[in-house]
Amino acid sequence: MKTKDLLAISEEFGTPVYVYDAEKIESQYKKLTSAFKGVKQLKINYAVKALSNISILKLFKQLNSGLDTVSIQEVQLGLAAGFQAEDIIYTPNGVSLKEIENVAALGCQINIDNLSILEQFGTKHPGVPVCIRINPHVMAGGNANISVGHIDSKFGISIHQIPHILRIVENTGMHINGIHMHTGSDILDVDVFLYASEILFKAALQFSNLEFIDFGSGFKVPYRAHDVETDIIELGRKLTKRFNAFEKEYGKPLTLAFEPGKYLVSEAGNFLVNVNVVKQTTSTVFASVDSGFNHLIRPMLYNSHHNIVNISNEIGRERFYTVVGYICETDTFATNRRISEISEGDILCFKNAGAYCFSMASNYNSRYRPAEVLWYEGKAHLIRKRETLDNLLEHQVIIDLKQKAVIEN
Ligand SMILES: *Cc1c(COP(=O)(O)O)cnc(C)c1O
């Protein structure tokens, strides 16, 4: 997308506004599938929680993707977008047996990540095929918040509990048709990924009726100029070779599945905000924008870096700014950031605003959640209206509080 297109969108739809470039989503999807073109059966299930707008889901449907979901509501959004139930995998954590049964009744692939539910579900529904989520205990990166494969993680059934899984499977007669891992949001190193895959292959040999092996996600995309991106080509080359060899060893055809979120949508997103105030203090220059962690929480929640470009003055002299929101609470997007000179009324663009940005937005400070626009085939399409006061009041029940004339004491 060109700067002039982004500026035109900010004028037409106002700010703050999320803008997604469909072409970038498509090219990421194709990069991934072509890296694994040597696998006979490949299934990409887009992780809905990264960006769950129904028009985005439809775009993935058009690309032939499936969906990875973590709640029955995401499943229902997927069905509303036109996906078949069998193209949806449901990988929840800590949800009730009842919800899992309801999703199974819709016909989606169930993925179970604890022994208690596995035993209860298998006892009641031995005929429903189930995938199991294994925790291979592989550390991915250093941040414990985003490394979900390690020993203290709440996700998955420990690889050391395979004997217990096998006993449940034998006792219930249930059908395990898939085995899964998702080792975290930021696996940088292809070799770490392959190491975890070996653990999964070894576990897979314990189950005789598998139809697929799901390697989850963990692909890294660059957020900063010098960030390293997961080398998809190298991963494709190495894992394809290993997977095809494993399939021979296993003796039955297997599907290789992935469920990326960030890799597919992060870089496609631009978040446009207006600069309300430029404020000089004794220590810094603040640029205050018409948004906050209510719309983009990643910097405050994960200390994430989003590049910020002043698209109203791209080639201006660079100065140092602290970019903050308008929330009445510390609300810092970026500290001491070099940005080309900012004037009040300029439009700033946050990069990598596709994944875990709008989907984590809230109404804190009673602000409206932003509009969303899809840039598709050279045209801007509004895919979510900006909220209004009616949305804030929609579910509130206004009761009639009697006003007492005299305060008793
Ligand atoms: C969140 C999630 C994903 C997607 O992770 P990304 O880092 O966005 O690719 C995949 N699988 C499961 C089970 C998840 O919870």
Side-chain angles (χ1 to χ4, degrees), residues 20 24-25 28-29 31-33 35 43-52 56-57 60 65-75 77-78 88-95 100 103 108-114 117 130-136 138 140-141 143-150 153-157 178-189 192-193 196-197 200 212-223 227-230 232 235 256-269 297-298 301-302 304 306 352-360:
Y20 311 115
K24 182 66 185 173
I25 294 175
Q28 289 294 102
Y29 186 88
K31 231 196 301 182
L32 187 56
T33 50
K43 185 82 194 175
I44 306 296
N45 295 312
Y46 165 63
V48 173
K49 74 178 190 290
L51 175 59
S52 48
I56 300 293
L57 302 187
F60 279 106
S65 173
L67 296 181
D68 174 65
T69 58
V70 295
S71 68
I72 191 168
Q73 290 79 10
E74 286 188 352
V75 169
L77 284 177
I88 302 178
I89 181 166
Y90 173 64
T91 308
N93 173 260
V95 313
I100 294 175
V103 174
C108 300
Q109 172 68 50
I110 301 300
N111 189 0
I112 292 181
D113 97 325
N114 66 86
I117 295 280
V130 163
C131 171
I132 43 179
R133 177 172 185 174
I134 299 290
N135 182 343
V138 173
N143 187 338
N145 291 324
I146 48 177
S147 305
V148 295
H150 62 91
S153 158
K154 70 166 185 164
F155 298 99
I157 303 172
I179 189 164
H180 166 278
M181 69 168 185
H182 170 62
T183 41
S185 250
D186 275 300
I187 289 198
L188 176 60
D189 191 351
V192 175
F193 201 101
S197 305
L200 205 60
F212 66 94
I213 301 182
D214 188 333
F215 293 88
S217 179
F219 305 121
K220 201 177 161 80
V221 296
Y223 277 71
D227 274 355
V228 186
E229 180 174 355
T230 300
I232 285 293
L235 181 67
L256 190 168
F258 281 120
E259 47 191 37
K262 195 181 274 183
Y263 182 79
L264 296 173
V265 298
S266 172
E267 294 164 281
I297 200 171
R298 299 186 76 256
L301 187 63
Y302 303 127
S304 309
H306 287 263
N352 284 72
Y356 309 105
C357 293
F358 186 93
S359 64
M360 287 188 167

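Both ligands and their constituent atoms are indexed starting at 1 by order of listing. Remember, predicted model here, so these are calculated numbers, not experimental data. Residue numbers start at 1 and run along the sequence shown.
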Mind checking whether [X] has an N or O less than 3.5 Å away from an N or O of ligand 1?
X: Tyr263; value: no
X: Gly261; value: yes
X: Arg133; value: no

Where's the contact between [X] and ligand 1, heavy-atom distance under 4.0 Å: side chain, backbone, both or neither?
X: Tyr356; answer: side chain
X: Ala47; answer: side chain
X: Lys262; answer: both

Are any of the side-chain heavy atoms of [X] and [Y] separated by less than 4.5 Å?
X: Tyr263; Y: Ile232; answer: yes
X: Pro260; Y: Leu32; answer: yes
X: Phe60; Y: Ile25; answer: yes

message = Among Met181, Lys220, His180, Glu259, which one puts a heavy atom closest to atom 12 (C) of ligand 1?
response =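 Of the listed residues, Glu259 has the closest heavy atom.
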
Atom indices of ligand 1 within 4.0 angstrom of [X] heavy atoms, with elements:
X: Pro260; answer: 9 (O)
X: Thr91; answer: 13 (C)
X: Asp68; answer: 10 (C), 11 (N), 12 (C), 13 (C)

Partners passing side-chain hydrogen bond (donor to acceptor under 3.5 Å, both in side chains) against Ser266 (at least two apart in sequence or in another chain) =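 Ser266 satisfies side-chain hydrogen bond (donor to acceptor under 3.5 Å, both in side chains) with Tyr223, Asn352 only.
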
request  = Using side chain to side chain donor-acceptor pair (under 3.5 Å) as the criterion, point out the one residue from Asn93, Asp214, Thr91 that pairs with Asn111.
outcome  = Thr91

request  = Answer yes if the ring centres of Phe258 and Phe219 are under 6.0 angstrom apart, and no otherwise.
outcome  = yes

Polar side-chain atom of Asn135 near backbone of Phe155 as donor-acceptor pair, under 3.5 Å = yes

